[in-house]
Protein chains: 2
Amino acid sequence: MLEARLASATVLKKLLDAIKELVTDCNLEANEDGIGLQAMDNSHVALVTVQLEANEFDSYRCDRNMPLGVNLGSLTKILKCAKDNDVVTIKASDDADSLTLLFESPNSDRIGEYDMKLMDIDQEHLGIPDTQYDATITFSSTEFARICRDLSALGESVKIEVDKQGIRFTADGEIGNGSVLLKHSAGRGAVRAPPASRSRKAAKPKVKKEAKRDPDDEEEGSEPDVANVESDEEDVKPDVQEEEEEKPEVDEDDEDEEEQEDDEAEQPKKRKAGAVAKKETNGRAKKAKDGEDDGEAGVSIILQQSVSLTFSLKYLLNFAKSAPLSKQVTLNMSNEVPLLVAFEFEQGHINYYLAPKIGDD
Amino acid sequence: MLEARLASATVLKKLLDAIKELVTDCNLEANEDGIGLQAMDNSHVALVTVQLEANEFDSYRCDRNMPLGVNLGSLTKILKCAKDNDVVTIKASDDADSLTLLFESPNSDRIGEYDMKLMDIDQEHLGIPDTQYDATITFSSTEFARICRDLSALGESVKIEVDKQGIRFTADGEIGNGSVLLKHSAGRGAVRAPPASRSRKAAKPKVKKEAKRDPDDEEEGSEPDVANVESDEEDVKPDVQEEEEEKPEVDEDDEDEEEQEDDEAEQPKKRKAGAVAKKETNGRAKKAKDGEDDGEAGVSIILQQSVSLTFSLKYLLNFAKSAPLSKQVTLNMSNEVPLLVAFEFEQGHINYYLAPKIGDD
DNA sequence: AGAGGGGTGT
DNA sequence: ACACCCCTCT
């Protein structure tokens, strides 16, 4: 049986707003690690994964692995019945034919209880290899959303080029061409040599498989398909959550405190997530007065080699709907390999994978 | 070649929002005076003119007259890619087959560059005579917008009557009749005898031609046509900008300092525009606390003789979309002559001309 | 409370 | 496809 208590409904609401248009039905995978979700989008082009960490819940109990097949539209409707600051309790009995959501006002003077029918969904669990990316760019998620929105007025595709100078998004279309260049920020998340951050990653157990995909993988995943997905269930979830935990730190310790953070890396994740949240708050307060509040925390670029990839803006626009979940987004790119768009938030993360268009000059 | 730099994208955005539904394609006329636009609306009923003064740009360079044929929809799309406080640079090379817009964030960490295809547009340049109007009413632009919106719920036409008491807008329709009366403000922009303000205007060179239109002009422009437009290119732009520069002052010196402002009238325009902007700011700050911020600066009426004219609300609604550009709007009316609706803003002005309906009451 | 974005209707 | 209205996010 599952019983998970979350202090605020707002994360769940934002999560569902983010993915409900990408995925109609899918299994929520509840287990001792927390609640996860993995699904191809409806047109089978993009892959979304979500993980809510068990130890980020106010309380969490899950006796066994439970695949909970939900219709995300229905779940969204039910979540609309919760106020943002309601305390949410998610319950499922062992037969798992329905999911119960309990919404309590903060002072418990109102309690809503909603039951949702579950469905059986046959869903292969895809293994997602832990890729070492050639370029990792972390910047304002609202800036990301803004760029995708702006450029989608011009064309259907965006070319993303990353080099030492910064990251450039370019779209061409009938009415004209547009390009947006974000320069890496001096003083904060500036361009950093990869080895420094990689060495920290080596401390993790069973991370990294191969850094690059096989060429034929990209062949068949040429356009509308996530190329580097494998069917290796065993090591997927650990990999994903370890890897995602990693990325924001790169930006974190760009400030001043690398060694300290490395120490913390051995500690429970709860502690680390707290640090992330705190830092984000600082970032906002710090930047609040300089007028430009999209530039929060600047643009961090970690570059192993320059990349140039082209993607469908339609999907990026969808991914950018996760911006309310996190102030920062991380784009992970290697040439001819699917893009990983990652959002970290206090309770977990959401990752999107999208294969590049081919012939992307 | 043209290169014009504007400290903030917001004026351009507002301008295009204001006219993009009225005009589809038109030439931007860049020359040493600045950037101008003149176009009939798509149904050839109303006339719009815009002027952005060269000396109000942060920097301005235009070597020769360049007609830049733009699709306003495309330009609007591109301007949506600029944030309000972005610095905008407009560039066109001498062959003028495309227009480049550069959007830089205030701290230059983001640079957007957009190229827009230009088109050849054959467009006669209409001469607009400098008319002395029988009634000139200056009041809150949002009030104007509100009245147009409110009355358009009742009928398709509005009768505008101006006399010493004030200005009355009346609409009749099936569900009932409505009328809004704005009284001239005591203490501020009150009704003023025309000679006083006319004498100031007399200080300008080459102003005023004839005060009234020829009757046959109105005949052919009876309903859907701007009647008093002549094909006299020479004196149009100077006249327009002189005249428009004049109007807000009427309201300005209603405060206490008539003579001083008359002195300034001889000074360069740059100086005067600055004064206008400053006064507007004061007006906002002053009124901020009395709750009614539509009544800013009151209602100023300069009346030579009473007028009563009827106009299509559809067009007035469109004109009122310029309200974000200026806190004040000026209506200039003479019986049986097209209405001039004028908005002044720091970088220039926008004027709308609309012929009255006949049988107007 | 205001502005921007998304969705719906013409 | 464009315009208008409503809702959400800032």
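Per chain, numbering begins at 1; letters A, B, ... match sequence-line order. As the structure is a computational prediction, the values presented were derived from the model and not from experiment.
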For B:N27 and B:G69, the nearest pair of non-hydrogen atoms, with its separation, is OD1-CA, 3.1 Å
Just the rounded figure in Å: distance from P of D:dT10 to CG of A:L325.
11 Å
Do you know which of A:D150, A:L313, A:L151, A:L316 makes side-chain contact (heavy atoms from CB on, under 4.5 Å) with A:F169?
A:L151
Can you tell me how far C1' of D:dC2 sits from CD1 of B:I19, to the nearest Å?
17 Å
Could you give the NZ-to-P distance, from B:K321 to D:dC2, as a whole number of Å?
14 Å
Taking atom C1' of D:dC7 as reference, at what distance in whole Å does atom NZ of A:K13 sit?
13 Å
Specify the separation, in whole Å, of atom NZ of A:K83 and atom C1' of D:dT8.
17 Å
Starting at CG of B:L16 and ending at P of D:dC2, how long is that distance when rounded to a whole Å?
15 Å
Knowing that exactly one of B:L52, B:I78, B:I35 qualifies, which makes a side-chain contact (heavy atoms from CB on, under 4.5 Å) with B:L12?
B:L52
Take the protein atom NZ of B:K80 and the nucleotide atom P of D:dC2, then report the distance between them rounded to whole Å.
12 Å
Among D:dA3, C:dG7, C:dG4, which nucleotide sits nearest the side chain of B:E21?
D:dA3
Here the distance between atom P of D:dC2 and atom NZ of B:K20, to the nearest Å, is 11 Å
Nearest heavy atoms of A:F345 and A:I350, plus distance in Å:
CE2-N, 3.7 Å
